[in-house]
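Scroll down for the structure; my scribbles are underneath it.
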Amino acid sequence: MGYKFFWFALLSFFLLKENAIASDKVPYIVYLGEPPRLAGSNKALQYAMVAKSHIELVGSILGTLKAAENAIFYSYTQHINGFAATIDEETANRISKLPGVVSVFPSRNYKLHTTRSWQFLGLESDGNVNSNSLWSKAGYGKDTIIGNLDSG
């Protein structure tokens, strides 16, 4: 009876320890700048090559390509060069010191404030533009770049 309890307690300790270690991992975004300009017209192959370079980069820190494949859950390959990976803070710090890495930061979730931007910003009221509105004062957006956040 005593040995069974000992082995159960020892196994439980290691399982709990493993879960505690895994819980230290959070999503990070790693930005590598502009995507490389690759020769050829096969865009799918080019994107795959960029994604492979992400796996190789993380694999150089984690020790295996398989560990890197498990950590990376998204590769940004078209307009920017980077990836999202579930890693711990120490790994993120090590990646941030690699040549070519622009920034590494934890991914954050933001709560959507509105789906009615025009009213929220006070640009229109019931479809009408008030002469005092920001729309009027800003020349209806002339020479202005407006960002769009897609919430999915």
Side-chain angles (χ1 to χ4, degrees), residues 11-127 129-130 132-152:
L11 179 62
S12 296
F13 169 76
F14 283 112
L15 289 174
L16 290 172
K17 181 180 177 210
E18 189 65 31
N19 285 338
I21 291 170
S23 68
D24 290 343
K25 296 180 180 180
V26 296
Y28 279 84
I29 306 297
V30 178
Y31 177 56
L32 303 169
E34 290 188 34
R37 304 282 181 233
L38 302 172
S41 61
N42 187 338
K43 295 291 185 192
L45 180 61
Q46 292 177 5
Y47 300 150
M49 290 174 60
V50 174
K52 183 180 179 204
S53 73
H54 300 159
I55 293 168
E56 291 169 348
L57 184 141
V58 176
S60 73
I61 298 294
L62 296 180
T64 69
L65 295 179
K66 186 66 176 168
E69 288 173 356
N70 290 335
I72 295 173
F73 60 89
Y74 192 82
S75 280
Y76 303 97
T77 59
Q78 295 182 23
H79 302 290
I80 64 168
N81 184 13
F83 57 89
T86 303
I87 53 179
D88 59 33
E89 186 176 1
E90 178 186 345
T91 303
N93 287 334
R94 290 176 63 197
I95 290 172
S96 71
K97 294 180 175 110
L98 292 174
V101 174
V102 176
S103 64
V104 178
F105 53 91
S107 179
R108 292 190 171 59
N109 288 325
Y110 293 97
K111 185 178 180 195
L112 189 62
H113 291 285
T114 182
T115 58
R116 293 169 177 74
S117 299
W118 310 118
Q119 289 90 1
F120 178 74
L121 296 173
L123 301 178
E124 294 180 6
S125 178
D126 296 325
V129 178
N130 185 324
N132 252 359
S133 81
L134 184 59
W135 245 165
S136 298
K137 292 178 182 177
Y140 297 93
K142 183 179 179 205
D143 299 325
T144 303
I145 298 173
I146 299 175
N148 180 31
L149 299 178
D150 184 354
S151 62

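Positions are given from 1 along the sequence.
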Set of salt bridge (Lys or Arg N to Asp or Glu O under 4.0 Å) partners for Glu34, sequence neighbours left out: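 Arg37.
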
Any residue meeting side chain to side chain donor-acceptor pair (under 3.5 Å) with Thr77, in chain and number order, not counting sequence neighbours: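 With neighbours one apart ignored, the set is empty.
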
Measuring only between side-chain heavy atoms, which start at C-beta, is Ile29 closer than 4.5 Å to Val104?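 No, their side chains stay 4.5 Å or more apart.
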
Which pairs count as side chain to side chain donor-acceptor pair (under 3.5 Å) when at least one residue sits in residues 55-76, sequence neighbours excluded?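 Passing the test, one end in residues 55-76: His54-Ser75.
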
Taking it one step at a time, do Leu32 and Val102 satisfy side chain to side chain contact (heavy atoms under 4.5 Å, CB included)? CA-CA 5 Å; Leu32 303 169; Val102 176; 5.6 Å; no

For [X], side-chain contact (heavy atoms from CB on, under 4.5 Å) partners two or more places apart:
{"X": "Gln78", "value": "Tyr47"}
{"X": "Asn109", "value": "none"}
{"X": "Thr91", "value": "Ile61, Leu62, Ile87, Asp88, Ile95"}

Verify side chain to side chain contact (heavy atoms under 4.5 Å, CB included) between Phe83 and Ile55, making sure each step is shown before the conclusion. CA-CA 9 Å; Phe83 57 89; Ile55 293 168; over 6 Å; no

Any chance you could measure Tyr31, atom OH, to Ile80, atom CD1, to the nearest 0.5 Å?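 With rounding to 0.5 Å, OH (Tyr31) is 6.5 Å from CD1 (Ile80).
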
Locate the shortest heavy-atom distance separating Ala92 from Tyr28; write the atom from each residue and the value.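 That would be CB-CE2, 3.5 Å.
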
